[in-house]
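First up is the structure itself, then whatever we jot down about it.
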Amino acid sequence: MPSRQISGRTVKSGRSLVSFSVVSMSCILGIVTVFCVPLPAEAKASKAAANAKPVTDGTSDPAIPYDVTLTPTKQADLDAAIAASSQLKSLQTSHTVGAYALAGRIRSDYDRVNSALESQGYYAGSVKISVKAGARTVDGKDPSLPDILKALGKNQKVAITISATLGPRFSLGNVVLTTPPQQAPTAAVPAPTATAPAVKDSAAKTPVAKTSAQTPLGRRPSDGKSVPTPPPAAAGAATSEQAIAQAQPISLSPEERKAFGLSSGQPAVAADVLAAQNSLLNQLQEEGYATASVSPPLAYLKPQTHTLDIVFRVSRGPKVVIGPISMTGLVHTKQRYLMNRLELREGELYRPSRIEAARQDLASTGVFASVQVRNTPPIITLPPSRTLMPGILQAMPIEFGFKEAKRRTLSAQVGYSTDLGGRVGVSWTHHNLLGNAEQLRLTALVTGLGGSAQQGLGYDVYADFMKPDFLSKGQNLSVRLEGIRQLLYSYHQTAIIGRAGLNRHVGKYWNVSGGVMGEQEQIKQFGDTRSYFIIAAPLNATFDNTQLSNPIDPATHGVRASLSVTPSESLENGSSFFTLLSAQVSTYFDLKHLGISRPGRSVIAVRGIVGSVQGASTYQIPPDQRLYAGGPATVRGFRYQGVGPQYGKTKYGIGGTSMDAGSVEFRQRLPMNLGFAGFVDAGQVGTGSRPGQGTLRVGYGGGVRYFTPIGPIRVDVALPMNRPAYGDKWELYFGLGETF
């Protein structure tokens with residue numbers, strides 16, 4: 001059969017089996033009848049070497065420094081693939097080598113860059129590497145290149161240019177799905193893993209197959225080891241027609257066809273073909289076919305028409321339900337609690353997404369270091385009374401494996417602002433007190449360490465108890481007993497507070513809570529000391545669709561809103577009934593939607609707050625129940641409780657019965673985990689029950705951010721635009737996470 005050269009390798013000019021490759025940021029995946037090969041050792045080490053100190057190849061040859069230039073192809077995806085595949089590029093600063101090793105690296109880059117071309121469908125492309133060494137410019141394949149490099153003077157730099165000629169872009173020809181050939185056993189499908197159903201990785205680990213009848217165009221393993229050969233029926237298919245004839249065609253349902261997504265005529269991009277394999281497999285498993293398999297694709301090149309024929313082997317297997325569920329690794333946690341919380345039920349349709357959601361839910365209890373789930377074959381037959389899917393009796397047993405985390409932790413708290421001063425303290429937490437994920441936290445804080453709104457040291461000591469799934473799944477019981485002392489300029493307070501309430505998730509984004517509170521306190525304000533006993537029934541509803549797993553992470557989209565209604569009765573020093581109403585909403589707009597920023601890099605955050613006291617005037621309610629503004633929670637640039645009516649010409653705040661405030665903040669991410677923010681806040685406090693009264697105060701400022709794995713460290717400086725008498729000239733705030 002006549003042949004011709006493509007990219008330096010022989011290809012049958014008729015219908016032939018081809019190399020199909022995918023280039024990632026750290027590796028090249030060469031495919032012949034399948035889409036992945038084991039990486040050469042040097043390729044596997046390239047990512048690690050990129051972060052290492054420069055080394056040599058260990059020979060007596062002096063290391064030769066060089067610069068690499070990649071000629072743009074004007075296609076961003078292809079340019080990125082070429083840059084990722086080139087070892088000359090990735091190792092030029094971290095792993096310098098001598099003349100002979102550098103020449104070998106140059107030669108190997110021909111195949112690597114060509115793999116990048118093929119990964120984007122350019123199977124008739126070519127690669128050229130020019131090497132300028134001293135006064136000479138030679139081709140990278142020149143046999144004399146090692147000697148030319150060796151003759152260079154000490155520290156003389158080499159200039160290397162890599163360019164690619166694309167040629168025509170191949171498209172998909174026939175895309176066919178068949179059953180596996182009879183001689184080819186169906187591969188076992190691994191069970192779901194701790195992070196996702198494990199079947200997703202089956203194609204990525206398949207070795208390259210080679211037969212004597214075909215010449216593969218893929219990359220061969222660098223270790224020289226033999227590559228496994230597929231069963232005879234698959235290996236004997238030299239053309240797509242032969243491969244199709246070996247088995248029976250498969251028909252897909254509309255949902256399966258939509259998930260598969262491949263069709264004739266689209267560009268032959270390897271990543272799309274591999275994604276189709278995984279998507280179809282996921283869809284089959286979501287339909288209950290737990291042992292389904294979709295083979296790595298067989299690709300056949302047709303150079304005359306610039307197309308690739310693709311053949312997949314598909315096996316559905318039996319449709320099953322979830323069988324008996326077992327749990328292992330539990331030491332201090334009660335299995336009964338987990339089984340009651342578990343979202344899976346024996347007899348429901350087997351779906352990896354449901355299994356993974358159940359795993360994540362169990363992991364969210366906070367008592368486990370890891371939670372894994374796996375299938376435990378063999379498939380069993382359930383009695384008709386135990387299946388929830390009529391007519392489906394075959395079941396796949398499931399096993400959850402747990403590794404419990406430390407039950408006790410000790411943490412420190414540190415905070416500082418110029419108005420409230422410093423606060424330091426420690427917390428001790430037991431995360432699984434009674435074996436049902438109950439949490440007990442004991443905290444002791446020293447407050448009022450300096451600060452323009454403070455008149456002395458205070459303390460805040462409290463014990464929190466939380467019982468999850470109290471009476472119902474997703475409903476938590478929380479209890480707090482707290483002792484507090486704070487010496488603010490507005491008032492001095494010493495109090496004992498007890499709270500108990502229920503918190504419940506409603507839907508995907510809503511959270512509602514309600515409870516009771518009792519407070520015995522003594523307050524001194526403007527030389528007058530009074531005692532109060534307050535009982536209240538706070539009701540709260542919050543909405544949050546920012547979808548952040550870590551609440552400290554900055555939001556880049558969505559809305560956060562809260563509404564609070566607190567009926568209260570003040571006793572002991574006179575009697576008054578009043579209701580505190582408050583609402584807050586914040587939203588976040590990513591400037592990527594305007595096309596002027598990358599996702600999550602530039603964000604505008606907006607916040608609005610309103611509050612009102614109904615049923616009583618300012619002096620009829622205890623000072624600590626009144627409304628104040630000032631500080632990071634409302635208006636920055638003014639000290640805590642520094643916005644609102646003042647006592648005469650002093651810095652003592654009286655408080656009010658209405659409040660409103662708003663903030664606009666611009667947040668910008670920078671390289672090296674840095675960022676900055678600029679903001680404007682405004683707010684007022686009035687003596688009536690309707691918000692919008694009082695003297696409007698405006699503050700402005702900015703700050704820097706350093707982003708850590710647990711959230712951004714924030715340092716802000718704010719100044720008042722219209723400072724009241726005895727107001728601070730500026731404020732400094734230091735904390736973890738954004739202000740809102």
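Starting from 1, each residue takes its place in the sequence as its number. Note that the structure is a prediction, hence the values are computed from the model and not measured.
- The ring pair (Phe, Tyr, Trp, His ring centres under 6.0 Å) analysis of residues 701-740, with sequence neighbours excluded, yields no pairs.
- The backbone N or O of Leu420 lies less than 3.5 Å from no partner atom in the side chain of Arg639, so there is not a single donor-acceptor pair.
- Residue pairs meeting the ring pair (Phe, Tyr, Trp, His ring centres under 6.0 Å) criterion with at least one partner in residues 661-705, sequence neighbours excluded, do not occur; the list is empty.
- The distance from the OG atom of Ser490 to the CD atom of Gln455 is 9.0 Å, given to the nearest 0.5 Å.
- For Ile496, the CD1 atom sits in a loose shell: 12 or fewer heavy atoms of surrounding residues, nucleotides or ligands are nearer than 6.0 Å.
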Item to complete: Dump the intermediate steps for side chain to side chain contact (heavy atoms under 4.5 Å, CB included) on Ile497 and Arg480, then the final yes or no.
Response: CA-CA 8 Å; Ile497 307 169; Arg480 169 177 282 199; over 6 Å; no
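- Between Leu440 and Leu442, the closest side-chain pair of non-hydrogen atoms falls below 4.5 Å.
- In this structure Phe589 satisfies the ring-ring contact (aromatic ring centres under 6.0 Å, His included) test together with His593, sequence neighbours excluded.
- Here the CG-OG1 distance, from Asn432 to Thr365, works out to 8.0 Å after rounding to the nearest 0.5 Å.
- Side-chain N/O atoms of Ser353 and Glu286 include a donor and acceptor closer than 3.5 Å.
- Using a 4.0 Å cut-off between charged nitrogen and carboxylate oxygen, Arg499 and Glu519 do not count as a salt-bridge pair.
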Practice prompt. Assess whether side chain to side chain donor-acceptor pair (under 3.5 Å) is satisfied between Asn540 and Ser564, documenting all intermediate values.
Written response: CA-CA 5 Å; Asn540 299 277; Ser564 175; 3.0 Å; yes
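- Note on residues 574-584: pairs passing side-chain hydrogen bond (donor to acceptor under 3.5 Å, both in side chains), not counting sequence neighbours, are Glu569-Ser575.
- Tyr532 is linked by a side chain to side chain contact (heavy atoms under 4.5 Å, CB included) to Glu521, Ile523, Arg530, Ile534, Ser570, Asn573, Pro622, Pro623, counting only residues two or more places apart in sequence or in another chain.
- Taken to the nearest 0.5 Å, the CG atom of Leu471 stands 8.0 Å off from the CG atom of Leu477.
- Annotation: side chain of Pro599 is not in contact with side chain of His557 (no heavy-atom distance under 4.5 Å).
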Practice prompt. Check step by step if side chain to side chain contact (heavy atoms under 4.5 Å, CB included) holds for Asn673 and Thr708.
Written response: CA-CA 7 Å; Asn673 294 325; Thr708 72; over 6 Å; no
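- With a 4.5 Å cut-off on side-chain heavy atoms, Arg636 and Glu665 count as touching.
- How far CG of Asn340 is from CG of Leu338: 9.0 Å, rounded to the nearest 0.5 Å.
- Taking OG1 of Thr418 as the reference point, atom CD of Glu731 lies at 3.5 Å (rounded to 0.5 Å).
- Salt bridge annotation for Asp361-Lys473: present, with a cationic side-chain nitrogen under 4.0 angstrom from a carboxylate oxygen.
- Using a cutoff of 4.0 Å between basic side-chain nitrogens and carboxylate oxygens, Glu356 and Arg354 are not scored as salt-bridged.
- Put simply, the side chain of Leu732 does not reach to within 4.5 Å of the side chain of Asp716, judged on heavy atoms.
- Checked against side chain to side chain contact (heavy atoms under 4.5 Å, CB included), Thr695 has the following partners two or more places apart in sequence or in another chain: Arg697.
- When the salt bridge (Lys or Arg N to Asp or Glu O under 4.0 Å) test is applied to Asp544, the partners found at least two apart in sequence or on another chain are Arg560.
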Discussion item. As a quick check of understanding, evaluate side chain to side chain donor-acceptor pair (under 3.5 Å) for Ser586 and Arg607, giving each step before the final call.
Written reply: CA-CA 4 Å; Ser586 58; Arg607 175 181 65 182; over 6 Å; no
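- In this structure, Arg485 forms no cation-pi arrangement with Tyr459, as its terminal cationic atom is not both closer than 6.0 Å to the ring centre and no more than 45° off the ring axis.
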Worksheet entry | Steps toward side chain to side chain donor-acceptor pair (under 3.5 Å) verdict (Glu404, His332) | CA-CA 8 Å; Glu404 294 188 354; His332 302 287; 4.7 Å; no
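- Of the possible polar contacts, one joining the Gln475 side chain to the Phe470 backbone as a donor-acceptor pair under 3.5 Å is found.
- Residue Gln413 forms a side-chain contact (heavy atoms from CB on, under 4.5 Å) with just one option from Val426, Val424, Thr443, Leu736, and that option is Thr443.
- Ion pairing between Glu738 and Arg705 holds under the 4.0 Å rule for side-chain N and carboxylate O.
- Side-chain contact between Pro468 and Tyr337 is present, with at least one heavy-atom pair separated by less than 4.5 Å.
- Partners of Phe533 according to the side chain to side chain contact (heavy atoms under 4.5 Å, CB included) rule, which considers only residues two or more places apart in sequence or in another chain, are Gln520, Ile535, Leu571, Glu572.
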Ignoring hydrogens and angles, write down the donor-acceptor pairs under 3.5 Å from the side chains of residues 509-516, residues two or more places apart or on other chains.
from   : atom 1 : to     : atom 2 : distance (Å)
Asn511 : OD1    : His505 : ND1    : 3.1
Asn511 : ND2    : Asn503 : OD1    : 3.0

Worksheet item: When you look at Leu457 and Leu449, which way does the side chain to side chain contact (heavy atoms under 4.5 Å, CB included) test go after all the steps?
Response: CA-CA 6 Å; Leu457 291 178; Leu449 299 173; 3.0 Å; yes
Could you give the side-chain donor-acceptor pairs of residues 684-693 under 3.5 Å, partners two or more places apart or in another chain?
from   : atom 1 : to     : atom 2 : distance (Å)
Gln684 : NE2    : Asp660 : OD1    : 3.4
Gln684 : NE2    : Asp660 : OD2    : 3.0
Gln693 : NE2    : Arg690 : O      : 2.6

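- Applying the side chain to side chain contact (heavy atoms under 4.5 Å, CB included) test to Tyr647 and every residue at least two apart in sequence or in another chain returns Phe526, Thr650, Tyr652, Ile654.
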Worksheet entry | Residues Thr447, Asp460; criterion side chain to side chain donor-acceptor pair (under 3.5 Å); working and verdict | CA-CA 7 Å; Thr447 62; Asp460 190 1; over 6 Å; no
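- Thr494 and Gln522 are not linked by any side-chain donor-acceptor pair at a separation below 3.5 angstrom, with hydrogens and angles left out of the test.
- Side-chain N or O atoms of Asp419 include one that pairs as donor or acceptor with a backbone N or O of Tyr640 at under 3.5 Å.
- Within the 4.5 Å cutoff, the side chain of Leu445 has no heavy atoms near those of the Val461 side chain.
- Of the listed residues (Leu344, Ile355, Val373), just one forms a side-chain contact (heavy atoms from CB on, under 4.5 Å) with Ile325, and that residue is Leu344.
- A donor and an acceptor atom, one from each side chain of Thr634 and Asp681, are nowhere located under 3.5 Å apart.
- Counting only residues at least two apart or in different chains, ring pair (Phe, Tyr, Trp, His ring centres under 6.0 Å) contacts with residues 405-449 are absent.
- Side-chain contact between Asp469 and Asn436 is absent, with no heavy-atom pair separated by less than 4.5 Å.
- Using a 4.5 Å cut-off on side-chain heavy atoms (C-beta onward), Leu580 and Gln625 make contact.
- The closest donor-acceptor contact from the side chain of Glu438 to the backbone of Leu434 lies under 3.5 Å.
- Judged by distance alone, the side chains of Ser452 and Gln454 never bring a donor and an acceptor atom under 3.5 Å apart.
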